[in-house]
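Since the structure comes first, as structure tokens, the remarks are kept for the end.
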Amino acid sequence: MLQRLNWFEEARYGLFIHWGLYAELGGIWNGKSYPPGTEWIMRRAQIPLEEYKKLADTFNPVDFDAEDWAQKAEDFGCKYLCITAKHHDGFAMFDSAACDYNIMHTPFGRDVVKELSEACRRHGIKFCVYYSQMQDWADPDGDGNNWDFDPEKKDFTRYFNNKVKPQVRELLTNYGEIGMIWFDTPYDMPIHLCEELRDFVHSIQPDCIINGRIGYGLGDYRQMGDNEIPVLAYKGVWETPMTLNNTWGFSRTDEKWKSPKTVVKMLIDVVSKGGNLLMNVGPDARGNIPQGSVDVLNTVGKWLHKNGESIYGARACADFPYQMRWGGLTGKGATVYLHLLEPAFAPVHIKICNIETKAKRAYLLSTGEELKIFQSYELARDEYRFLVDYPKDKIDELDTVIVAEFEDTPVAHSLYMTFDPENAKGYAAPAMGEASTKGD
Ligand code: JFZ
């Protein structure tokens with residue numbers, strides 16, 4: 001694996017921030033609501049550039065406080081932060097000599113990317129930037145705006161050379177170390193320009209990660225579709241970007257936040273399959289992250305501050321092909337974290353099926369309290385079983401994490417294992433008493 005991906009694999013959980021002029025509209029233009037994805041409103045409503053540009057004359061997020069946002073990211077338990085430096089609308093949230101259509105030419109007149117990059121550094125959070133490299137609805141040669149500009153007259157290479165490269169250079173030169181540059185919607189951008197962009201990034205910052213949406217599989221890791229989680233553990237490095245409500249940018253009407261429980265479940269689902277979760281918030285035009293989203297992510301953060309060992313640096317648990325109704329598994333070598341998400345499905349004990357590897361001990365992650373374990377090979381059922389008793393009075397309604405230490409990295413048998421009584425050697429007959437095999 002690429003060296004520069006090391007921090008990313010450790011991090012597992014990041015904060016995505018979609019913020020730009022569209023926050024002023026919050027999904028409504030001329031009294032009409034547009035479909036979710038409020039950052040797309042310029043295109044959805046085909047707002048003439050001259051009209052949309054007026055948002056820059058009033059953009060003044062007086063409540064913006066980079067220190068507060070970085071503190072929030074830390075409280076949420078996020079290890080990296082990625083902000084939209086330039087989204088499809090073409091407006092740069094940073095000081096750009098390459099293009100005047102940027103935040104310095106607003107009443108606010110402060111470089112948000114600069115302030116956030118410094119605050120993130122103070123909080124030990126990897127700072128990353130999102131940059132829309134193909135779509136640019138403010139540039140006559142950019143992709144996507146065919147209501148102001150004649151597509152026949154577009155020269156994409158000119159846009160690439162005059163805006164993309166100079167701005168990417170600015171981002172990689174003026175803000176210290178950039179953990180990752182997050183490209184998006186490559187569509188049919190010519191492959192040689194994507195390759196050129198990749199090499200250009202690495203010529204300036206060799207350690208800067210490039211996400212999968214640079215196109216053509218040229219990125220350092222695989223980007224899943226928005227809100228998509230694969231069914232099986234995906235080999236290789238990957239990330240799912242996720243919305244907390246139904247839009248990336250700020251919405252005046254959508255307060256349907258995922259619950260803390262849903263976020264924790266998704267995080268475990270993603271990490272148990274070896275990926276990262278990039279969770280989005282959409283600050284409003286005053287510079288506030290909506291309180292409803294802050295509340296949800298703070299609750300998740302409190303859980304992470306107690307149980308983070310089971311997430312940060314954790315991996316997919318060695319090819320474990322079973323779905324368990326009570327929850328999921330994450331792992332680090334010989335250590336396995338059992339995430340009890342649905343206690344109702346494990347009324348007496350938690351069972352991991354078909355792990356042959358010998359277990360040493362188990363304990364509750366939050367308190368260190370030792371828990372009884374039972375392990376056997378059940379001849380009649382041709383099944384290895386590993387059971388952990390858990391203290392029912394210590395249930396965390398978000399997720400109770402139990403640490404199980406094995407003698408080696410556990411290996412699970414597939415459903416298609418062939419029966420072999422030799423397998424049973426070294427295992428005691430099921431002398432379980434309370435951990436009865438009946439009824440499971
Ligand atoms: C993109 C953007 O258009 C959107 O505004 C937001 O920034 C999001 C993170 O990314 O939209 C996409 C890109 C790819 C997929 C879906 C939405 N996809 O592959 O499923």
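Both counts, for ligands and for their atoms, begin at 1 and track the order of listing. Count residues from 1 along the sequence.
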Ligand 1 N/O within reach of W248 N/O, cut-off under 3.5 Å =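 Min N/O separation from ligand 1 is not below 3.5 Å for W248.
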
ask   = Is any N or O atom of W40, backbone or side chain, closer than 3.5 Å to an N or O atom of ligand 1?
value =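 Yes, W40 has an N/O under 3.5 Å of an N/O on ligand 1.
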
For [X], take its heavy atoms, then give the atoms of ligand 1 lying under 4.0 Å from any of them.
X    : answer
H87  : 4 (C), 5 (O), 6 (C), 7 (O)
H88  : 2 (C), 3 (O)
Y130 : 7 (O)

Heavy-atom nearest neighbour in the protein, as seen from [atom], with distance rounded to 0.1 Å:
atom                    : result
atom 19 (O) of ligand 1 : G225 CA, 3.8 Å
atom 5 (O) of ligand 1  : E39 OE2, 2.6 Å
atom 7 (O) of ligand 1  : H18 NE2, 2.7 Å
atom 12 (C) of ligand 1 : D226 OD2, 3.2 Å

If we ignore angles and hydrogens, is there a donor and acceptor under 3.5 Å between the side chains of [X] and [Y]?
X    : Y    : result
K86  : N102 : no
E228 : T240 : no
E67  : H123 : yes

May I ask you to check if [X] and [Y] form a cation-pi contact, with NZ or CZ under 6.0 angstrom from the six-membered ring centre and within 45° of the axis?
X    : Y    : value
K79  : Y13  : no
K392 : Y390 : yes
K114 : Y175 : yes
K32  : Y34  : yes

For ligand 1, is [X] a contact, meaning one of its heavy atoms is under 4.0 Å away?
X    : answer
R213 : yes
M224 : no
Q135 : no

ask   = Around R44, counting heavy atoms of other residues, nucleotides and ligands shown, do more than 12 lie under 6.0 Å from its CZ?
value =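 Check passes, neighbour count above 12.
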
task = Please state which part of D184 comes within less than 4.0 Å of ligand 1, counting heavy atoms only: side chain, backbone, both or neither.
result =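 Under 4.0 Å from ligand 1, D184 contributes side-chain atoms alone.
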
task = Apply ring pair (Phe, Tyr, Trp, His ring centres under 6.0 Å) to Y159 and list each qualifying residue two or more places apart in sequence or on a separate chain.
result =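 With sequence neighbours excluded, Y159 shows a ring pair (Phe, Tyr, Trp, His ring centres under 6.0 Å) to F156, given in chain and number order.
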
